[in-house]
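For reference, the structure is listed below as C-alpha cells.
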Amino acid sequence: MFPDDILERNPGGPNEYPIWQVARATLAAPTFFKAMRLEEDDEKAEYIDGSLSAKNPSEEAYRSVKQLSDNNQKAVKILVSIGSGKNLEADPNPSSGFLLFAMYMKLAAKWASQSEATHQTVLDATRRVADYFRFEVEHGIGKIRLDAWQGKKGIKTLQLIRIKTEVYLQIPEVQKQITLTARHLVDVRRARSTQLDRWERFCQGVDYVCCMEFCDYKDEKFKGRQHLRRHLEQVHQSDPAVVEFMTDQGKRFPPDTGD
Ligand SMILES: [Zn+2]
C-alpha cells in the first residue's frame, strides 16, 4: 500500500456494486437494520452502521470530489443535499416498545444535530465557490421511527411520508429553490458533456485498453482517454489520426452485472 492510498478518501476506480446494495449498506443501523456485506473481486467489506462516520454524507461527497481534482477549490460547482426529514417533533407517548423508542429518539436527536452541523460545515466550505442547495422536510417526518412500516406493505407509513413531503414542496420558497437547482444542474450537465475525457470514467466506469498488435501493455487498463493517447504517442509513436482511431477502438465499458 502506498501513502497515497492511505490519504485518498475514495481510492481507485468506481466500484460495480448495484446501487440498491450501496443504498442498503448506508442504511445499516444496529438494532434496526442488519449489517450489509459487499464483495467485489478481492475486496470484502461489512457495513454495520451508515450513521457512524457520516450522518449527513454531503461533506464526505464534497471533499471526495474536490480531492479527485487535486483539491481545486472550484472542483464542485453545485451541491444538492437532500435530508431525510428534520427531527423537530418528538412523540412523548409511544404505543409500544418504550425502551427501544426512547433509545431511538435519543439517537435520532443526535443524528439530526450532527446532520445539521454537517450542513453548516458544507455551507461554510462551499461559500463563494459553489452553489449549495439543501432540501429537507421540516415537519412531520421526525415522528416517524427508523423502522416504521405500518399498514399493508407499509402503505400508511409511505402515505404519511408522501403527504408531509408534498406539503413541504408546496412552500413557495422551496419551489423557487427547486427551479433554481434544476437550472444550475442543466448548465453543469451541458458544460460537462464538452469534457467527456474526464467524466466518462467517473460517470460510466469507462476504461481504455491498447489494441495495437504485439503491445507489451495489452493487458493494461488505461484510466482515461488521455492516458491511452499518451501511451500511443510515446510507446507506438502513432501519428495523431491513428491515436484518435485507436483510442476510440480501445474504449471499454464496465461489464453489465445484470442488476
Ligand atoms: Zn500499446
Side-chain angles (χ1 to χ4, degrees), residues 19-20 22-23 26-27 29 50-51 53-69 72-93 104-151 154-194 199 202-203:
I19 193 73
W20 73 264
V22 177
T26 70
L27 282 172
S51 73
S53 62
K55 282 93 201 151
N56 170 348
S58 58
E59 186 185 359
E60 194 56 38
Y62 175 68
R63 297 201 187 285
S64 176
V65 171
K66 214 169 94 175
Q67 192 178 54
L68 288 171
S69 306
N72 182 344
Q73 283 293 331
K74 292 182 180 169
V76 176
K77 195 169 182 334
I78 176 167
L79 198 154
V80 184
S81 167
I82 301 176
S84 54
K86 275 195 181 169
N87 188 43
L88 295 178
E89 300 100 348
D91 186 347
N93 298 309
Y104 170 64
M105 288 317 295
K106 221 174 123 187
L107 272 175
K110 204 172 103 188
W111 291 339
S113 67
Q114 284 168 342
S115 182
E116 186 61 24
T118 304
H119 165 57
Q120 291 301 330
T121 306
V122 175
L123 198 60
D124 288 344
T126 54
R127 192 162 285 148
R128 288 193 293 275
V129 289
D131 294 312
Y132 173 48
F133 296 94
R134 169 93 171 152
F135 297 100
E136 180 157 46
V137 177
E138 293 182 340
H139 298 284
I141 303 283
K143 276 187 178 176
I144 300 175
R145 282 172 49 156
L146 196 59
D147 58 348
W149 200 240
Q150 290 183 335
I155 190 146
K156 281 188 183 171
T157 307
L158 291 173
Q159 261 172 356
L160 180 61
I161 293 173
R162 186 175 295 123
I163 289 166
K164 298 293 179 188
T165 306
E166 277 166 4
V167 168
Y168 171 74
L169 292 175
Q170 291 307 312
I171 300 170
E173 182 54 29
V174 175
Q175 293 193 344
K176 209 170 112 189
Q177 292 292 310
I178 289 174
T179 307
L180 202 57
T181 307
R183 285 207 183 110
H184 284 235
L185 285 171
V186 169
D187 287 346
V188 170
R189 181 70 187 84
R190 281 186 183 146
R192 188 177 283 181
S193 65
T194 63
W199 289 101
F202 294 110
C203 299

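Starting from 1, each residue takes its place in the sequence as its number. From a predicted model like this one, the values you see are computed outputs, not experimental measurements.
For the pair Ala130 and Val76, the tightest heavy-atom approach, listed with the atom from each and the gap, is CB-O, 3.1 Å. The nearest pair of heavy atoms linking Ile78 to Thr181 is CD1-O, 4.1 Å.
Between Gln175 and Gln170 the shortest side-chain heavy-atom distance falls below 4.5 Å. Counting heavy atoms from C-beta on, the side chains of Ile161 and Val137 never come closer than 4.5 Å.
The number of heavy-atom neighbours closer than 6.0 Å to NZ of Lys66, taken from other residues, nucleotides and ligands shown, is above 12. Counted within 6.0 Å of CD on Gln150, heavy atoms from surrounding residues, nucleotides or ligands total 12 or fewer; the atom is thus considered open. Heavy-atom neighbours of Ile155 CD1 from other residues, nucleotides or ligands within 6.0 Å: at or below the threshold of 12.
The main-chain N or O of Glu136 is found under 3.5 Å from a side-chain atom of Tyr168 such that the two form a donor-acceptor pair. Glu138 places no side-chain N or O within 3.5 Å of a backbone atom of Gly85 that could act as its donor or acceptor partner.
In this structure, CZ in Arg162 is found 12.0 Å from CG in Leu169, a value given to the nearest 0.5 Å. For the atom pair OG1 (Thr165) and CG (Leu160), the distance works out to 8.5 Å, reported to the nearest 0.5 Å. Interatomic distance, Ile82 CD1 to Phe133 CZ, rounded to the nearest 0.5 Å: 12.0 Å. Atoms CG and NE2, on Asp124 and His119 in that order, are 9.5 Å from each other to the nearest 0.5 Å. A distance of 12.0 Å separates CG of Asp147 from CG of Leu27, quoted to the nearest 0.5 Å.
Side-chain polar atoms of Glu173 and Gln177 form a donor-acceptor pair below 3.5 angstrom.
For Gln120, there are no side chain to side chain donor-acceptor pair (under 3.5 Å) partners two or more places apart in sequence or in a different chain.
Between Tyr132 and His184, the ring centre distance reaches or exceeds 6.0 Å.
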